[in-house]
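Single-structure report; data block below.
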Amino acid sequence: MCGIAGFTHAGSVFLPERIHQAVSSVAHRGPDQQGIWQNETVSLGATRLKVIDRSAGSQPMSSDGFTLVFNGEIYNYVELRDQLIGLGHQFATACDTEVVLHAFIEWDTACIEKLRGMFAFAVWGESRQRLVLARDRMGIKPLYYTRRGRDIYFGSEMKTIFCHPEVGRSIDLNALDTYLGLNYVPGAHTLAAGVLKLLPGHFLTWHDGEISSHCYWQANPLAQSPLPTLEDSTAQLDQLLTQAVKEHLIADVPVGVWLSGGIDSSTVLHYASQQASTQLKTFSITFNGREFDEARYVREMAARYATDHHELDLGPATVTPESIIELAYYSDEPNADAGAVPVWHLSRMSAKDVTVALSGEGADELFGGYITYLADRYARRARIVPRAIRRLSLRSANRLRASNKKIGLDYKLQRFLHGTLLDERSSHIFWNGTFSRDQRRQLMLSHDDSHLLKLLATIPARGDVRRFMAFDQAYYLPDNLLAKVDRMSMAHSLEVRPAFLDHRIVEFAARLPANQCIQGRTLKILLRNLMKDKLPQSVLARKKQGLDIPVHDWLRGHLKPLLLDTLNRKSIEESGLISWSHLQSVLDLHMQRKANYGYHLWGMLMLFLWIERWKIQSPRDIQALEDFSAVSA
């Protein structure tokens, strides 16, 4: 696992020291080795976290006129290595990076489809004067880029691009609207205008100032023929998980498992315990005394598989304002998911004992695990009730005293009733989001929701739950969950591997009929059927909790000073983005417990910590500077 960075300088002044700055900005991603490679056209750099072949494999790596910087893990690298040796290639190391390099030399961009794993890489070919960037199928590993004139700048984190002073730092108002609505920025856009994400399953080529993007893989859950029976699906998933987890355990460093006590992480632990040759280490977060504490289930699973178990209890003593500010820096692009807090502390604890951790990300999107999928169904029935009655019910629900629970009945009821007043597609994103469209119109000084409307249009107007699962898999998974886990774990030099996201499992799940995902009020039918004789009933029957913090409560408590210091009137008004009067109203309602706006305010907190740290300008500031320059000239 590594961090990569680079840029071309075909149309600009070549500054040799700049690549050193870019690489240093992501040194936390790879503390074991750093290296650079430059010529008159391109500069490449990498920081390496040694996981496979720790004695060799330094980057950048060159051979036969090609130079590679690589971030990730290729789980079928031994198989590909043997194939390439048969074609006459010779290897100096036993690492997967060299396999990727020789695969590219042999098959060019066609090699990307042969790679099984998580990755983001850049390769320069001297003979064709071409730069190729590529990202894994599911977007597990990040890759940002931007253009300026004929040149392209790229890296594992936005920090690598911000180290170039010639690259502007202004906010994208369209992206801001989606961020405030969804808690993240979906698709290729970011909150920084002009800075883009290379989409999952895509590669990009640069040659002589021209770039083109290509899709090499796509799993379309709505276009596949369903598997015949639940029994057939169960047997196939068992085989796929056995193989995937076996491959995800491959490492020359200590490997552990993140354990929540839910069905996803417990499934990973079960299959890992079948493959591991030594005692597994497990790592968990607890919330002692809170209604959502999962310690009982975690300890039951750790005892069942006799793991070397580690726990960290989160509370005001551990989640300090200072830790939030540090977390916000390493988040890179703001993430409004407060679940980043436990993932941050889980990563820090894990990194003391292991270099690699397996996780359960992806199972909810693949197999139908979110309560929002039930809300989608219930809302369809609720819309039979006259709209006027639903509006009246929402007004009554809004009068309930705000609970200090993580997600109390008052919050669920208010969100659900509000969602029934929206169309099906809008309500689905509203369940997991924060500010409604009407609230964003009031809150933002310049509101543009065209990007979000285009995104919603990609969801078929009719169909079963799979259309919403497909949306979550395409956007919520890579742009929120995987981005969050990558930044929080790599901040502590920890590699996290989501075994469910082996692309063979993803392609298999795309063929599942809806009734193998959800039946009645039961979620993840197939996964529960697979694990019914493997896991205890206490784990199988429990409701999903989600790794999160009691954000409503903590923002009224020990994190209140940080919130109010950051979201102060001066900062808000100077940003030129947000209406202070409307934000102040949200703050007052939350602090007086007239409403629960904890998740909304957490997103605002992360946003303005980012704006302050990176000196992000509003479009108004940019225009004023341009007007001043024009007058001065």
Side-chain angles (χ1 to χ4, degrees), residues 1 72-73 75 116-120 135-142 183-184 186 200-201 219 237 240-241 244-245 247-249 255-272 282-285 294 298 331 335 337-347 350 354 356-373 432 469-492 494-510 517 523-524 527 531 544-548:
M1 190 61 63
E73 298 294 341
Y75 302 121
R116 188 162 68 242
M118 54 181 188
F119 56 84
R135 192 178 180 198
D136 67 67
R137 296 168 178 83
M138 299 305 295
I140 302 170
K141 292 290 102 183
N183 288 337
Y184 63 96
L237 181 56
L240 288 169
L241 276 171
V245 173
E247 292 177 354
H248 279 66
L249 288 169
V255 179
V257 176
W258 278 0
L259 181 61
S260 70
I263 188 172
D264 303 342
S265 64
S266 296
T267 296
V268 173
L269 175 59
H270 171 81
Y271 282 92
T282 50
F283 304 88
S284 304
I285 292 294
E294 300 181 290
V298 161
S331 292
N335 185 309
D337 187 342
V341 175
V343 175
W344 168 272
H345 289 278
L346 181 60
S347 298
S350 303
V354 298
V356 173
L358 271 60
S359 75
E361 268 78 31
D364 289 313
E365 291 79 8
L366 298 183
F367 301 112
Y370 290 126
I371 193 173
T372 53
Y373 301 141
N432 267 335
M469 292 167 59
F471 181 89
D472 292 343
Q473 183 179 309
Y475 300 109
Y476 181 69
L477 179 62
D479 297 319
N480 182 15
L481 297 184
L482 296 178
K484 172 183 68 179
V485 171
D486 175 82
R487 301 311 185 281
M488 298 300 94
S489 60
M490 292 310 296
H492 298 93
L494 177 74
E495 175 178 302
V496 176
R497 300 175 175 180
F500 280 109
L501 295 182
D502 181 298
H503 79 272
R504 297 168 298 183
I505 297 178
V506 177
E507 290 171 345
F508 158 80
C517 299
L523 300 165
K524 285 190 278 204
L527 192 58
M531 303 308 295
K544 181 178 179 61
Q545 284 285 354
L547 189 58
D548 205 345

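Because the structure is predicted, anything quoted here is derived from the model rather than measured. Positions are given from 1 along the sequence.
Closest of all the heavy-atom pairs between Leu501 and Leu477 is CD2-CD2, 3.9 Å. Scanning all heavy atoms of the two residues, the minimum distance from Pro498 to Met118 falls at CD-SD, 4.2 Å. Of all heavy-atom pairs spanning Ser489 and Ser347, the tightest one is CA-OG, 3.4 Å. Taking every heavy atom of both residues into account, Gly139 and Pro200 meet most closely at N-CB, 3.4 Å. A pairwise comparison of heavy atoms in Thr267 and Phe500 identifies CG2-CZ, 4.0 Å as the closest pair. Here the closest heavy-atom approach between residue Gln473 and residue Pro478 is recorded as O-CD, 3.3 Å.
By the 4.5 Å heavy-atom criterion applied to side chains, His492 and Ser350 are not counted as neighbours. Looking at Val257 and Thr282, their side chains come closer than 4.5 Å, going by heavy atoms from C-beta outward. Residues Asp337 and Leu481 have side chains in contact (heavy-atom distance under 4.5 Å, counting atoms from C-beta outward). Lys524 is listed as a side-chain neighbour of Asp364, based on a closest heavy-atom distance under 4.5 Å. Contact of the Met488 side chain with the Trp344 side chain is registered, since non-hydrogen atoms from C-beta on lie closer than 4.5 Å. With contacts defined as side-chain heavy-atom distances shorter than 4.5 Å, the pair Asp502/Tyr75 does not qualify. Between Arg137 and Val506 the shortest side-chain heavy-atom distance does not fall below 4.5 Å.
Rounded to the nearest 0.5 Å, atoms CZ (Arg487) and CG (Leu482) are 10.0 Å apart. Between the CG atom in Leu346 and the CG atom in Leu547 there is a gap of 7.0 Å [rounded to 0.5 Å]. How far CZ of Phe283 is from CG of Leu358: 11.5 Å, rounded to the nearest 0.5 Å. We find the CD1-CG distance between Ile505 and Leu241 to be 4.5 Å, quoted to the nearest 0.5 Å. We find the CG-CG distance between Asp264 and Leu527 to be 6.0 Å, quoted to the nearest 0.5 Å. Expressed to the nearest 0.5 Å, how far CD of Glu507 lies from CG of Leu366 amounts to 11.5 Å.
The backbone N or O of His248 sits less than 3.5 Å from a side-chain atom of Arg497, completing a donor-acceptor pair. Panel note: side chain Ser359, backbone Trp258; no donor-acceptor pair is recorded below 3.5 Å. Not one N or O on the side chain of Asp479 forms a donor-acceptor pair closer than 3.5 Å with the backbone of Tyr184. Without hydrogens or angle criteria, Ser284 side chain to Leu259 main chain gives a donor-acceptor distance under 3.5 Å.
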**OP:** Go through Met138 and His503 one step at a time and tell me if the side-chain contact (heavy atoms from CB on, under 4.5 Å) criterion holds.
**Re:** CA-CA 8 Å; Met138 299 305 295; His503 79 272; 5.5 Å; no

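Partners of Phe367 by ring-ring contact (aromatic ring centres under 6.0 Å, His included), not counting sequence neighbours: none found.
Using a cutoff of 4.0 Å between basic side-chain nitrogens and carboxylate oxygens, Arg504 and Glu247 are scored as salt-bridged.
In summary, the side chains of Tyr370 and Asn432 do not present any donor paired with an acceptor at a separation below 3.5 Å, with no hydrogens or angles considered.
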